[in-house]
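Throughout, protein chains are lettered first and strands after them, A, B, ... in sequence-line order, and every chain is numbered starting at 1.
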Amino acid sequence: MPLKIYNSLTRTKEIFEPLNKGYVGMYVCGPTVSGESHLGHARPYITFDVVYRYLKHLGYQVRYVRNITDAGHFEEEGRVAEDKISTKAILEKLEPMELVQKYTNLFHWAMKQFNNIEPNIEPTATGHIVEQIGMIEKIIADGYAYVVNGSVYFDVNKYNEDFSKKGLPYGILSGRNLEEQLDTTRDLDNQHEKRNKADFALWKNAPPEHIMRWQSPWGEGFPGWHIECSAMATKYLGTQFDIHGGGMDLQFPHHECEIAQSTVCNHTAPVRYWMHNNMITINGRKMGKSYNNVIKLTELFTGSHPLLEKAYHPMTIRFFILQSHYRSTLDFGNEALQASEKAFKRLWEAYENLQKISIDNIEAADVELDKKINKQIAEFTEFIEDDFSTAKVLANMFEIVPVINAIKNKQLAQNTLSKNTIALMQQQFTLFIEEIFGLKFQEDNNEKLSDILQLLVDIRKEAKAKKDFVTSDKIRNELAQLGVLLKDEKDGTVSWSFI
RNA sequence: GGUCCUGUGGCCGAGUGGCUAGGCAGAGCUCUGCAAAAGCUUCUACACCAGUUCGAAUCUGGUCGGGACCUCCA
C-alpha cells in the first residue's frame with residue numbers, strides 16, 4: 001500500500017515517491033517570533049509532526065527543516081515599510097533580538113508540551129542574510145528583479161510571461177491568474193516604486209528608525225519575507241525537495257512567491273508535494289490577530305481566557321486536532337475540547353489495559369470478532385496512507401476499545417481473541433498511538449503519592465469489609481474532590497486515575 | 001468584485017453512489033452496599049429546491065447561509 005498525499009499543486013492525491021530513494025526532504029514554514037503562539041499555530045506543527053513521524057516509520061531518512069522568522073516582515077508594504085518586530089520591541093522596551101529570543105523559547109516550550117519532535121534543522125532568517133542576498137543577486141542578474149531606491153522587487157509580470165511557456169505561470173499553486181489579480185489588487189501608496197502592483201519585495205530599504213538592518217549591495221535594509229524560506233530551503237534541502245508544508249493562508253502569496261524566486265534561481269520548480277493544513281476556527285471564523293479572537297497557548301494550558309471554561313492539557317489539543325482531517329477546518333469549542341479530553345482518557349486507559357492482557361490460546365473463540373478486529377487493525381495503515389486520515393484511525397481504535405475493556409473486565413471470555421490477534425493489537429496500538437500520533441498520557445508518577453494513595457485505598461478496603469460505608473465513601477468522595485478517581489475493578493482490586 | 005472552499009444529529013467531526021463512522025452529551029439495562037468505571041441496548045442527521053440514477057449526504061444545476069485568500073497571517 002503506497003502512501004498517498006494530497007498535493008495542493010495538482011489538487012489531487014498522489015502516490016508519494018521521494019526524489020531520492022530512501023530520503024525525504026521536508027520544509028515547513030515556522031513561526032514569526034514577534035509574539036506568542038496561539039491555538040491556530042498548534043495545527044501545522046502537530047500535523048507535520050505526524051507526517052514526519054510516519055515518514056520515519058516508513059524507514060525514510062528524513063531531513064525536516066522548519067524555520068524561525070525572526071526578521072519580521074512589513075506591517076503595510078509600501079506605506080510605512082516598518083519592521084513588525086522592531087516596532088513592538090520599542091513598545092516593550094526590549095532589544096529586538098531579546099524579544100525574538102523570548103518568543104522563540106516560548107515556542108519551543110509549547111512544541112515540547114505537544115510532544116512534537118524537534119526538526120533536524122531550525123534555521124533563522126537573521127542567520128541567513130548572506131544566502132538571501134546571494135539569491136537576490138542571482139535573480140537580478142537573470143533579469144527578474146529590479147532595484148529602486150535601495151529596495152529590490154521581483155518582476156512578476158516578466159516571470160509570468162517567460163515561465164508560462166514552461167508551464168509554470170505565476171499563480172500555479174493558488175490557482176489564480178495574474179491578469180485578474182492586476183485588476184483587483186488594492187491601491188497602495190508608494191506604489192510608484194514597483195513596476196507592477198503584483199511585484200513583491202525581495203529586499204527593502206530600511207528607514208532610519210528601523211532597528212533591524214543589514215548591509216547589502218543596495219544599501220542598508222532588511223530582507224522581504226518570502227525570500228527567507230526559499231534561501232533556507234535551498235541551502236538545506238537542495239534546489240528541489242520533496243515536501244513543503246504550511247498553513248493554507250500561506251498559499252498565496254507566500255508560497256507562490258517562493259516558487260517564483262526558487263524557479264528563477266535554481267532553474268527548477270522547488271517542491272514536489274505541497275501540503276497545506278486548514279485553519280482552526282472559533283465561532284466559524286479563522287483564529288488570527290486581525291480578528292482579535294486568538295487564544296494563546298499559554299492561556300489554553302492554564303484556562304486563563306474568558307472563552308475557556310477550564311484549562312486544557314496539550315495532549316487534549318493534540319488529540320482534538322488528530323480527530324479531524326488536516327485539510328478540514330476545525331472549530332474550537334469548550335464542549336468539543338472536553339469531548340476530546342474524555343475520549344483521549346478512555347482510549348489511553350483501554351490502551352493500558354490492552355498491554356496487560358496476556359493469553360495463550362492459539363485459536364479465537366469468537367472467530368468472527370477476531371477477523372473483524374484484524375481487519376480494523378489493518379485499516380490503521382490503510383487510513384494513514386490515505387493522506388494521513390488520522391480521524392479514521394482513531395475511529396477504528398474506538399471500535400476496538402469496548403472489546404479490550406470487556407476482555408480485561410471478564411465481560412468477554414479470555415479466549416475470545418487469538419494470541420496472535422492480541423499481540424498484533426498491542427503492537428499496532430503502540431505504534432500508532434505513541435510513535436506515529438505522538439500521544440502520551442502524562443500522569444504524576446510520584447512514588448510517594450502512589451504509596452499514600454495505596455494506604456487510603458487499603459483503609460477504605462478495611463472499612464468496606466466492616467460495612468463502614470460512611471468511612472469508605474468519605475475516602476472515595478474526598479479523593480474525587482481532589483481529582484483522584486477510584487475505580488472498584490471486577491476482580492476486587494482498586495485502581496485510580498487522575499481527573 | 002475575482003479565485004476557491006464549505007453547510008452532516010444537542011456539540012465536535014469522518015464520509016464522494018448502495019454498507020453502523022467515531023467521540024462527547026442524553027435514555028434504558030447489567031454489574032455494584034451505593035456510586036464511578038466498564039459492558040450491552042438505544043434516540044436525534046445529512047441547508048433548501050430541481051435533475052441524473054434502479055438507488056445520492058455523496059454526482060449536476062439553481063437558491064440561501066458560512067468561511068478562506070486576493071494585505072501580515074499557521
Set of residues satisfying ring pair (Phe, Tyr, Trp, His ring centres under 6.0 Å) with respect to A:F114, sequence neighbours excluded: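 For A:F114 the ring pair (Phe, Tyr, Trp, His ring centres under 6.0 Å) partners, ignoring immediate neighbours, are A:F301.
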What contact category does [X] fall into here, base, sugar-phosphate, or nothing, at under 4.0 angstrom with non-hydrogen atoms?
| X | result |
| --- | --- |
| A:K342 | sugar-phosphate |
| A:H38 | base |
| A:Q251 | nothing |
| A:S37 | nothing |
| A:Y45 | sugar-phosphate |
| A:G288 | nothing |
| A:A343 | sugar-phosphate |
| A:G333 | nothing |

Spacing of the [atom1] atoms in [M] and [N] (rounded, Å):
| N | M | atom1 | answer |
| --- | --- | --- | --- |
| B:rA57 | B:rA14 | C1' | 12 Å |
| B:rG22 | B:rA45 | P | 16 Å |
| B:rG62 | B:rC5 | P | 14 Å |
| B:rU58 | B:rU8 | P | 13 Å |
| B:rA38 | B:rG66 | C1' | 41 Å |
| B:rU60 | B:rU52 | P | 15 Å |
| B:rA56 | B:rA50 | C1' | 14 Å |
| B:rC29 | B:rG67 | P | 45 Å |

Between [X] ([atom1]) and [N] ([atom2]), how many Å, whole number?
| X | N | atom1 | atom2 | result |
| --- | --- | --- | --- | --- |
| A:K286 | B:rG67 | NZ | C1' | 11 Å |
| A:M248 | B:rU3 | CE | P | 19 Å |
| A:R43 | B:rA68 | CZ | P | 15 Å |
| A:E256 | B:rC4 | CD | C1' | 13 Å |
| A:E335 | B:rG23 | CD | C1' | 12 Å |
| A:N334 | B:rC12 | CG | C1' | 12 Å |
| A:N292 | B:rC72 | CG | P | 19 Å |
| A:L322 | B:rA14 | CG | P | 12 Å |

Show me the donor-acceptor pairs within less than 3.5 Å that the side chains of residues 396-406 of chain A make with the rest of the protein, sequence neighbours left out.
| residue | atom | partner | partner atom | Å |
| --- | --- | --- | --- | --- |
| A:N396 | ND2 | A:Q376 | O | 2.9 |
| A:N396 | ND2 | A:E379 | OE1 | 2.8 |
| A:N405 | OD1 | A:N353 | ND2 | 3.2 |

Using 30° and 60° as the class limits, which term best fits the ring planes of A:F432 and A:Y54: parallel, tilted or perpendicular?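 Rings of A:F432 and A:Y54: tilted, as their planes differ by 30° to 60°.
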Measure the acute angle between the ring planes of A:F429 and A:F380, then classify it against the limits of 30° and 60° as parallel, tilted or perpendicular.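 Because their plane-to-plane angle is over 60°, the rings of A:F429 and A:F380 count as perpendicular.
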Which residues share a side chain to side chain donor-acceptor pair (under 3.5 Å) with A:N477, sequence neighbours left out: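 Side chain to side chain donor-acceptor pair (under 3.5 Å) check on A:N477 returns nothing, list empty.
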Sub-4.0 Å heavy-atom contacts from residues 112-121 of chain A onto RNA chain B, ordered by number: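 Nucleic-acid contacts, sorted: none.
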Please list, by residue number, the residues of residues 468-478 of chain A whose heavy atoms come closer than 4.0 Å to an atom of RNA chain B; answer none if no residue qualifies.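 Contacts with RNA chain B under 4.0 Å: A:F469, A:S472, A:D473, A:R476.
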Where A:T126 and A:M212 come nearest, the two heavy atoms and their spacing: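 Reported closest heavy-atom pair: CG2-CE, 4.3 Å.
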Ignoring the backbone of A:A391, work out which of B:rG33, B:rA14, B:rC70 is nearest its side chain.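 From the listed options, B:rA14 comes nearest.
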Among the nucleotides B:rA14, B:rG13, B:rG10, which one has an atom lying closest to any side-chain atom of A:L330?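 Given the options B:rA14, B:rG13, B:rG10, the side chain of A:L330 is closest to B:rG13.
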Any side-chain N or O of [X] below 4.0 angstrom from OP1/OP2 of [N]?
| X | N | result |
| --- | --- | --- |
| A:Y291 | B:rC72 | no |
| A:K467 | B:rC34 | no |
| A:T32 | B:rA74 | yes |

If we call it a pair only when both distances are under 3.5 Å in a Watson-Crick or G-U wobble match, what pairs with [N]?
| N | value |
| --- | --- |
| B:rG9 | none |
| B:rC48 | B:rG62 |
| B:rA68 | B:rU3 |

By salt bridge (charged side-chain N to carboxylate O under 4.0 Å, His left out) - contacts of [X] (at least two apart):
| X | answer |
| --- | --- |
| A:E341 | A:K310 |
| A:R327 | A:D387 |
| A:R318 | A:D49 |
| A:E122 | A:R66 |

Heavy atoms of other groups near A:L482 CG, more than 12 under 6.0 Å: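 More than 12 within 6.0 Å, yes.
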Output every pair passing salt bridge (Lys or Arg N to Asp or Glu O under 4.0 Å) with a member in residues 110-119 of chain A, not counting sequence neighbours, ordered by first then second residue.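 Of all non-adjacent pairs touching residues 110-119 of chain A, none passes salt bridge (Lys or Arg N to Asp or Glu O under 4.0 Å).
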How does protein contact run along nucleotides 36-48 of chain B, one letter per nucleotide 5' to 3', with B for base contact, S for sugar-phosphate only, - for none, heavy atoms under 4.0 Å? BBBSS--------
The single option from A:Q261, A:H254, A:E258 passing side chain to side chain donor-acceptor pair (under 3.5 Å) against A:H226: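 With A:H226 as partner, side chain to side chain donor-acceptor pair (under 3.5 Å) holds for just one option, A:H254.
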Residues in side-chain contact (heavy atoms from CB on, under 4.5 Å) with A:S290, at least two apart?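 With neighbours one apart ignored, the set is empty.
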Between A:Q376 and A:R11, which residue's closest nucleotide on RNA chain B lies nearer the 5′ terminus?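 Nearer the 5' end of the strand: A:R11.
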In terms of the nearest nucleotide of RNA chain B, which residue is placed more toward the 5' end: A:D331 or A:Q338?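 Final value for this comparison: A:D331.
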side-chain contact (heavy atoms from CB on, under 4.5 Å) between A:K286 and A:D249, worked out: CA-CA 10 Å; A:K286 174 188 168 183; A:D249 48 353; 3.3 Å; yes
